[in-house]
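This report refers to the structure that appears directly beneath it.
Note that these values count all heavy atoms, side chains included, but never hydrogens, waters or copies made by symmetry. Numbers restart at 1 for each chain; the letters A, B, ... are given by sequence-line order, proteins then strands.
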Amino acid sequence: MEPMTEGLLQNLSPSPSPIPKIEMRGIVKRFPGVLANDNVDFTIYVGEVHALLGENGAGKTTLMNILYGIYTPDAGVIRINGSPVRLRSPRDAIKLGIGMVHQDFRLIEAHTVTENVFLNFDGLGFIPKWSALESRLEEIAANYGWRLNPRARVGDLSPGEKQQVELLKLLVRGADILLLDEPTSVLTPIETKMLFKTMRRMAEEGKSIVLITHKLSEAMSVSDRVTVMRRGRVVLSKPTREATVEELSTAMVGTQIANSLGQEQAGTRSADSAPVLRVSGLSVIGDEGVLAVRDVDLSVNRGEIVGVAGVSGNGQIELVEAIVGLRKPLRGRIVLNGVDVTGASPRKLMELGLTYIPPEGKKWGIVQELSIYENIALRIARYEPYSRMGVINWRRIMEVSEKVVSEFKVDTASIKARASSLSGGNVQRLILGRELTTSKPSLLVAAYPTKGLDIAATDHVKRILMRLRAENVGVLMLSEDLDEILELSDRIVVMYAGRVVGVVRRSEATPELLGLMMSRGVGAGASP
Amino acid sequence: MLRRSLPGVIKLSLRIERRAEPTPRFSIIVTLGMLFFAFLASGLIFQLLGFSALHIYRSFFTTLLSPIMLEEVFRKSTPIILAAIGLCYSYRMGFWNIGAEGQLYMGMIAATGVVVLHSAGYGPGEQLLLPAAVAASLLAGGAWGLIPVILKLRFGANEIITTLMLNYAAILLADFLVHGAWKDPAGYGFAQTVQFPASARISIPGLSDSIAYLALAAVVTALTYLVFKYTVFGFESKIIGLNLYASRYSGLGINSIMIRGVFISGALAGLAGLIVVSGLIGRLRPGASPGYGYHAIIASMLGGLYPVAVLFSSILFGMLLTSGDLLQASIQMPKSGVEIMMAMIFLATIVAEFVKRYRLRLSGSARGVGM
């Protein structure tokens, strides 16, 4: 890995013992059912670029939102320049010189750069002196080598320039601690390079910059120090030049291979039993209008769990959405139990034996405003015997609901309770219970089934997946947790940039190998 | 930086917080409370305009006291009930149909068309005249509703715009016909169609007309209640309005449900149109509806899309319209006076929705950060 800005990095690294700018100690933040930050320590030094690295859901954004005053921590202290502070709102954070650039820009497109930057700015007076403000912005822009016209309409700017406007907003308010949340996700490679140059320059001026990212290469090329978070904890924190790519990728996705769930089953089934799902040459267009899935081949056999590993945003979700009928494929074929189902509707697929556990259960899987039994009706009301001639038999649905709630241990006072009262783990139990009680699938597709769940709920979900495998159901599972993939899968498909870069048998897989394939797209020699 | 507050200064701030899901009882109390405020506020406006608020309140309630007035209330309520019940089908799916007025006009035009054909010697005979008019009004209203829903599903056109524009199209079409081809030749040049013959008028033997209309509206309300509560279609249409993601995931036939729901919505507005031409006024003329389709929007919202509640909120609008006529005659209050009250009720409905979901909390917090 070649650092993009080696020269700068070397100039700065032998700095005498660094001065802490911000110290976060023992930060705990709990959301219902999730421990988002578990006793986190995080220190930012003066004049450094600090990469906060981790998968989605690792807790990095939560930590930064705490520092920016959006959340208050349940426990822990924050010190700025040595003195403890309480941050109740972003306003407090801004006063203390902390600024954040969010992933999505918060700009008014119809206004000029200057108008955007000085919106809600104290001390402008009744009639602002626009020309003075403009020249001030020109000065700052020149300092960082930006070609940004303060009189341009923001709507006409490129994403990279909009980001510069966001940075200007922070700079004119005197921010010297800048939190950048996945800043490169919208940038072209050239813009990214420009941004990194800016970040280095800011660090030279003594500002502290936190780069929140899940991209290893970015952390390696621009940061002085890197902290890796996983499942709400800090698992590694050291100067970047002492870190290796392999070490960081392993830290991000996890190393210890838990062995509590009957490991002996995994990887023992023969892969040549009848395929329940066969995908060939599949290409799918993503939300941005570009190819998200490129020419993917994949198969799932009966009684087998196939795990799809990959850093999020590499086409996994689009692949799954195409398979379950929520996204029309551009090219390729999907065959379920020998029937060509390319482009079939979710209902058709459901009736052919496919069951799907969606990501973000609260958004996709349930209707929060409805009761639990109505959420179960959601999926079955149109079928006999739950309805006849279009008239619903609510008593029958309630009977099934009682069964789902008791068999899948959904923790609720009554099936008449609103689904919005359920925790994340209970929502997932409800969805799994509904799907498995009301249908007999031959293929289960589960997208991030344990994401955001606590340990007990995660364990429950894993047991259900293993039970299905024992019952000869084929399972296709997405997960961001490599431990989980290694623990459950018979075969592991690794995706990178929309392609399958390798299929690895459980017996041949190691976290290091998978981590490397995931982060660099290096294919393994193994055949499907 | 001038506003940087001194440490220890207490600043009061108003916070908006989300409530837990409101219970039905709480919802009813909030709605009635807001309705009360709406009456109070409009009374204040009338007082400022030089009318006696008390007199106006009294005349509003006297509409319920005399049988003749009550009949008028029922006559005016029925088209509103039918159109408002129809709108419930649209709104529960999140389809913001504000085209009930146009769909109602299409219902009037279609029913009148049947009668005009009949009087010209074509079309259905005496026996089938009313059934044909009913069918025509249902189909025409429903078809007028299909245009925006298909535009939305096919091209993503915003239904608020398309339904509103189609209102004008329907109203102008009615004007065009009444001033032209359908003008009653024996009408002394008035812009109106022929009178509907007795066989095309709605009546139930043994019941006064107004009770008959109301009975029809009540039957539609009851059926709708059952559809919403016990049918797959009613249940699935609610899911579409609440969570489109879950609808897609659950494999609901979203397009088919939307098309059916909006068709029913338009058809019921068309039926309201039939009540107007075949019941209330017995012919088509310009301005045959004083805005029943718009009143229905407020009535369905005020009733929270619960059919039985919508029935009562529509009757409230019937009372308002009737007392408006009364006040115009007795104290020369302009017709727009009643519209002020309706607007206040509409505002109150919106505020009630807010109050049901959020609470305002006054909180004092010591400003000044750190140390």
Side-chain angles (χ1 to χ4, degrees), chain A residues 69 78-81 83-89 91-93 95-96 121-123 173-174 324-326 345-351 356-358 360-370 374-375 377-383 386-394 397 418 420-421 431 434, chain B residues 1-7 11 13 15 18-24 27 92-94 223 225-257 260 264 304-305 356-357 363-371:
Chain A
I78 303 171
R79 285 196 201 87
I80 296 185
N81 297 326
S83 37
V85 292
R86 281 178 70 192
L87 301 161
R88 255 182 299 251
S89 71
R91 201 180 272 252
D92 291 349
K95 279 183 196 161
L96 292 163
F121 188 79
D122 281 332
R173 284 168 177 79
V324 302
L326 289 172
S345 70
R347 182 198 291 220
K348 177 93 189 287
L349 288 161
M350 211 182 295
E351 287 163 2
Y356 176 45
I357 305 300
E360 300 173 76
K362 283 198 167 183
K363 176 174 163 190
W364 282 91
I366 62 164
V367 180
Q368 307 240 26
E369 293 87 342
L370 296 183
E374 285 174 306
N375 268 293
L378 183 62
R379 210 47 195 276
I380 56 175
R382 59 180 175 271
Y383 299 113
Y386 305 107
S387 67
R388 221 175 276 277
M389 318 262 288
V391 177
I392 299 179
N393 184 341
W394 283 113
I397 286 172
R418 273 176 198 275
S420 56
S421 67
I431 294 171
R434 173 181 70 197
Chain B
M1 296 294 139
L2 290 170
R3 282 197 274 121
R4 171 164 283 183
S5 52
L6 301 163
K11 190 182 171 189
S13 63
R15 288 183 81 111
R18 240 190 127 83
R19 283 180 200 276
E21 252 352 282
T23 61
S27 295
R92 71 187 342 243
M93 299 187 298
L223 284 176
Y225 170 81
L226 295 174
V227 166
F228 286 178
K229 188 153 188 191
Y230 292 107
T231 68
V232 176
F233 164 73
F235 177 66
E236 293 188 340
S237 64
K238 179 164 76 175
I239 307 298
I240 289 178
L242 288 172
N243 184 337
L244 212 49
Y245 295 104
S247 309
R248 297 224 298 137
Y249 161 69
S250 312
L252 301 191
I254 296 172
N255 289 3
S256 131
I257 294 168
R260 278 185 282 162
I264 295 174
L305 308 186
K356 279 179 213 166
R357 285 190 185 139
S363 65
S365 66
R367 304 295 295 178
V369 194
M371 312 312 143

Cut-off 4.5 Å, heavy atoms of chain B, and the answer for A:Ile431 is side chain
Scanning both residues in full, the closest heavy-atom pair of A:Ile366 with B:Ala246 reads O-CB, 3.9 Å
Honestly, the part of A:Ile80 sitting under 4.5 Å from a heavy atom of chain B is neither
What one should report as the nearest heavy-atom pair of B:Val232 and A:Ile392 is N-CG1, 3.6 Å
Quiz item: Between B:Tyr249 and A:Arg379, is there a cation-pi geometry (under 6.0 Å to ring centre, at most 45° from the normal)?
Solution: yes
Heavy-atom nearest pair, B:Gly251 first then A:Pro346, reads CA-CB, 4.1 Å
Bottom line for A:Arg434: the part with an atom under 4.5 Å from chain B's heavy atoms is side chain
Whatever's closer than 4.5 Å to a heavy atom in chain B on A:Glu351 counts as neither
Whatever's closer than 4.5 Å to a heavy atom in chain A on B:Leu252 counts as both
When rounded to the nearest 0.5 Å, the distance separating NZ of A:Lys363 from CG of B:Leu244 is 11.0 Å
Closest non-hydrogen atoms of B:Phe235 and A:Leu378, given as atom of the first, atom of the second and distance, are CE2-N, 3.6 Å
Output for pair (A:Glu374 CD, B:Ile239 CD1), nearest 0.5 Å, gives 7.0 Å
Exercise for the section: Report yes if some heavy atom in the side chain of B:Arg248 is under 4.5 Å from a heavy atom in the side chain of A:Trp364; otherwise report no. Expected result: yes
Scored by heavy-atom pairs under 4.5 Å with chain B, the best of A:Met389, A:Arg382, A:Met350 is A:Arg382
Any B:Asn243 side-chain heavy atom under 4.5 Å of A:Leu370 side chain = no
